[in-house]
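Working notes for the structure below.
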Amino acid sequence: MGTHHDTHGHGGNERTADPDTALAKLLELDAEVLASYVSELTGRLAEHADPAPARILDLGSGPGTGSLHLARRFPAAHVTAVDISAQMLHRLRRQALAHGVADRISTVEADIDESWAEIGRGGSYDLIWAAAFMHHVADPARTFARAFEQLRPGGLLAVTEMDFFPLFLPEDAGIGRPGLESRLHAATNTRPPHEWTDHLRAAGFTLQERRPFEIRLDRTQAGPSLTAYAQACLATLRSHAADGLDSADLAALDALLDEEQPHSLARRHDLSVRTTRTSWIARRP
Ligand SMILES: C[S@@+](CC[C@H](N)C(=O)[O-])C[C@H]1O[C@@H](n2cnc3c(N)ncnc32)[C@H](O)[C@@H]1O
C-alpha cells in the first residue's frame, strides 16, 4: 500500500517513534477493516488456481496480513514471506503463532532488489502474492521477470496496489473549512495510480483479471477498528502534509487527531471508509 508520495515507505504515525511499527500497525488495521475485499480477492485466486497452490511466495510481506489470509484460504499450503525489515517479519512470526499457522509460514529477510538465491531455495512456487509492494522495487521489469522465473508453468501472480489512501470524513467535518480531507489528499497523493498491465505482459504473463475494487464501508460494515484505522491513516498523511496545506488546515487536522478535542476522530460517529484498490491476477503460461 502506498500513497503516491511514497507515504508508506517512509511514513510514520507521529505518535509512534519507529516508522516500521507505525506502518505495521496501519497495515494490520487496513487488513482488519478491509478484510472482505481481501477475502474476495483470495476467493478469485482459489477459482483460478487448479490444483490449489502448495507453495506460496509473499513478496514485501510486511507484518504478514496477506500471508495469514493465504494460509487460511489454502490450508495445505506453505507460505514464504519475504521482507527487508526484520521488525516486520518479527511481527509476522508472532501473528503466525497466534493464529496457529507458524508451521506453514517461513520468513526470509532479504532485499528483493538484490539476490533471490534464498527466495528460490526449495523449488518453484504455485502462487506469488505482492500487495502494496511492486511500487517499492527499484526495477519493476526485473522483479516481474524474476517472479515469472520463480513460478511453475501455470502458476499465478497476484499484484495489488492501493490506488489512493482511504477517505473517512464527510465533506464538512465540522472543523475548519469544508473539503479538508480532499485538500490533504491533493497534497499527498500526488501521482496517478500504478498500472502494471504492460509490465506483466512484457514479462511473459497472461493476464487473467485486472480487478478494481471500489470499497465503500459505513461505520457498521467497517467494524470496531474504524477509528484507529482512520487515525493511523490521517496521522501518516499529516506527517507528509506540512508543505502542502495552509496553517488553518494543519490546525484542523491536528484537532482531528487530538483525542481531547470535541471534533476528534476518536469522538466522531460519522466516519466511513472510501478507497479503491486494483488487483492483477496473471498466469505464467
Ligand atoms: C506498504 S508495505 C506492504 C506490506 C504488505 N504486503 C501488506 O500488504 O500489508 C511494503 C513492504 O515492502 C517492504 N519492502 C520495501 N522495499 C523492499 C525491498 N527492496 N525488499 C524487500 N522488502 C521491501 C517494506 O519493508 C514493507 O514491509
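Worth saying up front: this structure is predicted, and the values here are computed from it rather than measured. Order of appearance sets the numbers: ligands from 1, and atoms from 1 within every ligand. Just the heavy atoms: all of them, side chains too, but no hydrogens, waters or symmetry mates, feed the values below.
Relative ring orientation between Trp196 and His199 is described as perpendicular, the plane-to-plane angle rising above 60° on a 0-90° scale split at 30° and 60°.
Under 4.0 angstrom from ligand 1, there are no non-hydrogen atoms of Ala31. Of all the heavy atoms of Thr65, the ones lying under 4.0 Å from any atom of ligand 1 belong exclusively to the side chain.
Annotation for ligand 1: atoms under 4.0 Å from non-hydrogen atoms of Met88 are 27 (O). The ligand atoms of ligand 1 that sit less than 4.0 angstrom from a heavy atom of His136 are 1 (C), 10 (C), 15 (C), 16 (N). Those atoms of ligand 1 with a heavy atom of Ala110 less than 4.0 angstrom away are 20 (N), 21 (C).
Taking any N or O of Asp111, backbone or side chain, at least one lies under 3.5 Å from an N or O belonging to ligand 1. For ligand 1, the polar-atom distance check against Ser85 finds no nitrogen or oxygen pair separated by under 3.5 Å. For the pair Ala131 and ligand 1, the shortest N or O to N or O distance falls below 3.5 Å. Of the N or O atoms in Ile112, one or more lie within a sub-3.5 Å distance of an N or O in ligand 1. For ligand 1, the polar-atom distance check against Phe133 finds no nitrogen or oxygen pair separated by under 3.5 Å. In terms of polar-atom proximity, defined here as any N/O pair under 3.5 Å, Val82 makes no such contact with ligand 1.
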Test salt bridge (charged side-chain N to carboxylate O under 4.0 Å, His left out) on Arg44 and Glu47; report intermediate values, then the result. CA-CA 5 Å; Arg44 294 299 300 149; Glu47 284 174 33; 2.4 Å; yes
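For Glu161 (side chain) and His135 (main-chain N/O), a donor-acceptor pair under 3.5 Å exists by modelled atom type. Between the side chain of Arg274 and the main chain of Leu169, a donor-acceptor pair closer than 3.5 Å is present.
Using a 3.5 Å distance cut-off with no hydrogens or angles, the side chains of Arg277 and Ser279 do not pair a donor with an acceptor. Inspection of the Trp116 and Glu149 side chains reveals no N or O donor paired with an N or O acceptor under 3.5 Å. Between the side chains of Thr197 and Glu195, a donor-acceptor pair is found at a separation under 3.5 Å.
Residue contacts with ligand 1 do not include Gly66, since none of its heavy atoms lies under 4.0 Å from the ligand.
The environment of CG in Asp139 is crowded: more than 12 heavy-atom neighbours from other residues, nucleotides or ligands sit within 6.0 Å.
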